[in-house]
Amino acid sequence: MENNFPRLQEAARVKAEENVREFALKISEDLQKEAVKVLVEKFTDPDVQATMNDAVKACARKGEAASPEVLSRLLVHRMEDNTPFLDTVLGEAVTVVPKLSKSQLAFLAYVLISRYVSLVFPSFAMLEHMGRSALPIAQPGFGLSLPQKLHLQYAGTVTVNSFRGGDIYENLYEAYGNRLDVKSVDELKNVLKFYCPSFSILMENFAANKLYEVDLTSVGYAIAITLLRPSLPLDFSIWLN
């Protein structure tokens with residue numbers, strides 16, 4: 001170890017620089033996509049600079065394991081015209097994301113889309129569109145173990161209450177039954193499976209993943225919305241106001 005330490009240190013430095021270059025390219029691409037929403041003056045904000053520095057250090061240290069694509073999107077959102085509260089939450093989210101695995105991030109998106117997103121004017125087509133958009137993002141979070149959920153709680157993204165329960169289909173029937181013209185919970189299950197297969201997969205796995213035990217914190221919301229926003233028109237202000 002003593003003989004090889006300088007060489008190992010140099011190899012680590014080279015890899016860290018490579019990670020930072022790749023992250024810089026990713027931020028540049030995302031800023032160009034969202035240029036109309038970005039406030040130029042935010043670049044000189046010390047808090048924005050500190051938040052960006054946190055993201056750069058995480059990517060230098062962990063590379064792809066730091067989820068640079070999520071960090072980049074969070075940074076871009078941090079440069080938009082936000083409330084002070086949202087700015088604070090987005091800054092916190094940047095420090096939390098590198099501590100989580102890909103499956104844990106996906107689980108946050110799964111909780112949001114299954115528990116907190118509802119349609120004002122539901123239809124089978126809209127439910128399936130939502131399911132088809134969210135399923136590839138949320139599915140890697142299926143089967144998350146209790147220790148991993150508790151780590152999410154430790155990281156400040158969720159709270160876990162193992163005494164809570166419920167039936168997602170009863171909730172869906174109460175919210176959508178009349179508008180979808182179905183007469184019972186069992187009928188709703190059947191028509192969702194037929195007309196909305198992607199959305200149905202999300203709901204069918206709800207109980208097995210014990211989603212009723214989990215509530216998102218403000219940071220959990222910020223991360224989940226950031227994951228889903230490229231596919232669904234979600235607004236931070238609905239949950240983080």
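The nearest pair of heavy atoms linking Met130 to Phe199 is CE-CE1, 3.6 Å. Between Gln104 and Leu152, the closest heavy-atom pair is CB-CD2, 3.7 Å. Between Asn209 and Phe107, the shortest heavy-atom distance links the atoms O-CE1, 4.3 Å. When every heavy atom of Ala93 is checked against every heavy atom of Ala222, the shortest pair comes out as CB-CB, 4.3 Å. The nearest pair of heavy atoms linking Val96 to Ala155 is CG2-O, 3.6 Å. The heavy-atom pair separating Val219 from Gly156 by the smallest distance is CB-O, 3.8 Å.
Residues Leu188 and Phe194 share a single hydrophobic cluster, defined by chaining ILVMFWY side chains whose heavy atoms lie under 4.5 Å apart. Hydrophobic cluster membership is shared by Met126 and Phe124, with clusters built from Ile, Leu, Val, Met, Phe, Trp and Tyr side chains linked at under 4.5 angstrom. Under a hydrophobic-cluster definition in which Ile, Leu, Val, Met, Phe, Trp and Tyr are linked whenever side-chain heavy atoms come within less than 4.5 Å, directly or via other members, Leu228 and Leu119 are assigned to the same cluster.
Using modelled atom types, one side-chain atom of Gln153 and one backbone atom of Val160 make a donor-acceptor pair closer than 3.5 Å. Side-chain atoms of Ser200 never come within 3.5 Å of backbone atoms of Cys196 as a donor-acceptor pair (strictly under, hydrogens ignored). Remark: side-chain polar atoms of Arg78 are not paired, donor with acceptor, to backbone N or O of Leu90 under 3.5 angstrom. Side chain of Thr51 to main chain of Asp47: a donor-acceptor pair is present (N/O by atom type, distance under 3.5 Å, no hydrogens or angles). Panel note: side chain Thr95, backbone Glu92; a donor-acceptor pair is recorded below 3.5 Å. Side-chain N or O atoms of Asn82 include none that pairs as donor or acceptor with a backbone N or O of Asp87 at under 3.5 Å. Remark: the backbone N or O of Asp186 is paired with a side-chain donor or acceptor of Asn190 at under 3.5 angstrom. With hydrogens and angles ignored, the 3.5 Å screen pairs a side-chain donor or acceptor of Asn161 with a backbone N or O of Phe163. Remark: side-chain polar atoms of Ser28 are not paired, donor with acceptor, to backbone N or O of Ala24 under 3.5 angstrom.
For the pair Val111/Val158, no side-chain contact is recorded, criterion being any heavy-atom separation below 4.5 Å from C-beta on. Side-chain contact between Lys189 and Val191 is absent, with no heavy atoms from C-beta onward closer than 4.5 Å. You'll find the side chain of Leu108 reaches within 4.5 Å of the side chain of Leu100, heavy atoms only. Between Trp239 and Leu86 the shortest side-chain heavy-atom distance does not fall below 4.5 Å. Side-chain contact between Thr157 and Leu216 is absent, with no heavy atoms from C-beta onward closer than 4.5 Å. Counting heavy atoms from C-beta outward, Glu204 and Lys193 have side chains that approach closer than 4.5 Å. Side-chain contact between Leu75 and Phe23 is present, with heavy atoms from C-beta onward closer than 4.5 Å.
Applying the side-chain hydrogen bond (donor to acceptor under 3.5 Å, both in side chains) test to pairs two or more places apart or on separate chains, those with a residue in residues 166-178 are Asn171-Tyr212. The side-chain hydrogen bond (donor to acceptor under 3.5 Å, both in side chains) pairs that include a residue from residues 109-128 are Arg115-Asp215, Tyr116-Asp215, Glu128-Ser198, where partners are two or more places apart or lie in different chains. Under the side-chain hydrogen bond (donor to acceptor under 3.5 Å, both in side chains) criterion, no residue pair touches residues 138-149, with sequence neighbours excluded.
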- request: Would you please test Glu17 and Arg13 for salt bridge (charged side-chain N to carboxylate O under 4.0 Å, His left out) and show each step?
  value: CA-CA 6 Å; Glu17 289 180 351; Arg13 184 190 66 79; 2.6 Å; yes

query: Thr159 and Val214: side chain to side chain contact (heavy atoms under 4.5 Å, CB included), yes or no, with the steps?
result: CA-CA 6 Å; Thr159 58; Val214 181; over 6 Å; no

task: Begin with the C-alpha distance, continue with both residues' side-chain angles, and end with the deciding distance and a verdict on salt bridge (charged side-chain N to carboxylate O under 4.0 Å, His left out) for Arg21 and Glu18.
output: CA-CA 5 Å; Arg21 283 195 298 270; Glu18 180 185 333; 5.4 Å; no

task: Go through Leu211 and Ile168 one step at a time and tell me if the side chain to side chain contact (heavy atoms under 4.5 Å, CB included) criterion holds.
output: CA-CA 9 Å; Leu211 295 194; Ile168 186 59; over 6 Å; no

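In this structure, Glu22 does not pair ionically with Lys26, as no charged nitrogen and carboxylate oxygen lie closer than 4.0 Å.
Annotation: the span from Leu202 atom CG to Leu127 atom CG amounts to 10.5 Å, rounded to 0.5 Å. Separation of atoms CZ (Arg229) and NE2 (His77) is listed at 5.0 Å; rounding is to 0.5 Å. Taken from CG in Leu25 to CG in Asp30, the straight-line distance is 11.0 Å, to the nearest 0.5 Å. Here the straight-line distance linking atom CG of Leu71 with atom OG1 of Thr226 works out to 10.0 Å at 0.5 Å rounding. To the nearest 0.5 angstrom, His151 atom NE2 is 8.0 Å from Lys99 atom NZ. To the nearest 0.5 Å, atom CD1 of residue Ile27 and atom CG of residue Leu74 are 10.5 Å apart.
Under the side chain to side chain contact (heavy atoms under 4.5 Å, CB included) criterion, Phe85 pairs with Thr83, Val89, Ser218, Leu240, sequence neighbours left out. Under the rule for a side chain to side chain contact (heavy atoms under 4.5 Å, CB included), the partners of Asp235 that lie at least two apart in sequence or sit in another chain are Ser237, Ile238. Shown here are the side chain to side chain donor-acceptor pair (under 3.5 Å) partners of Tyr195, two or more places apart in sequence or in another chain: there are none. In this structure, Asp81 has no side chain to side chain donor-acceptor pair (under 3.5 Å) partners at least two apart in sequence or on a different chain. Partners of Gln49 under the side chain to side chain donor-acceptor pair (under 3.5 Å) rule, at least two apart in sequence or in another chain, do not exist in this structure. For the side chain to side chain donor-acceptor pair (under 3.5 Å) test, no residue two or more places apart in sequence or in another chain qualifies with Thr217. By the side chain to side chain contact (heavy atoms under 4.5 Å, CB included) test, Ser133 pairs with His129, Ser231, Leu232, sequence neighbours left out.
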Side-chain polar contacts of residues 52-67 - donor-acceptor pairs under 3.5 angstrom, sequence neighbours left out - could you list them?
unit_1: Lys62; atom_1: NZ; unit_2: Pro98; atom_2: O; d: 2.5
unit_1: Glu64; atom_1: OE2; unit_2: Lys102; atom_2: NZ; d: 3.3
unit_1: Ser67; atom_1: OG; unit_2: Lys102; atom_2: NZ; d: 3.2

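Annotation for Leu39: hydrophobic cluster partners, listed by chain and number, are none (ILVMFWY side-chain heavy atoms under 4.5 Å, direct or chained).
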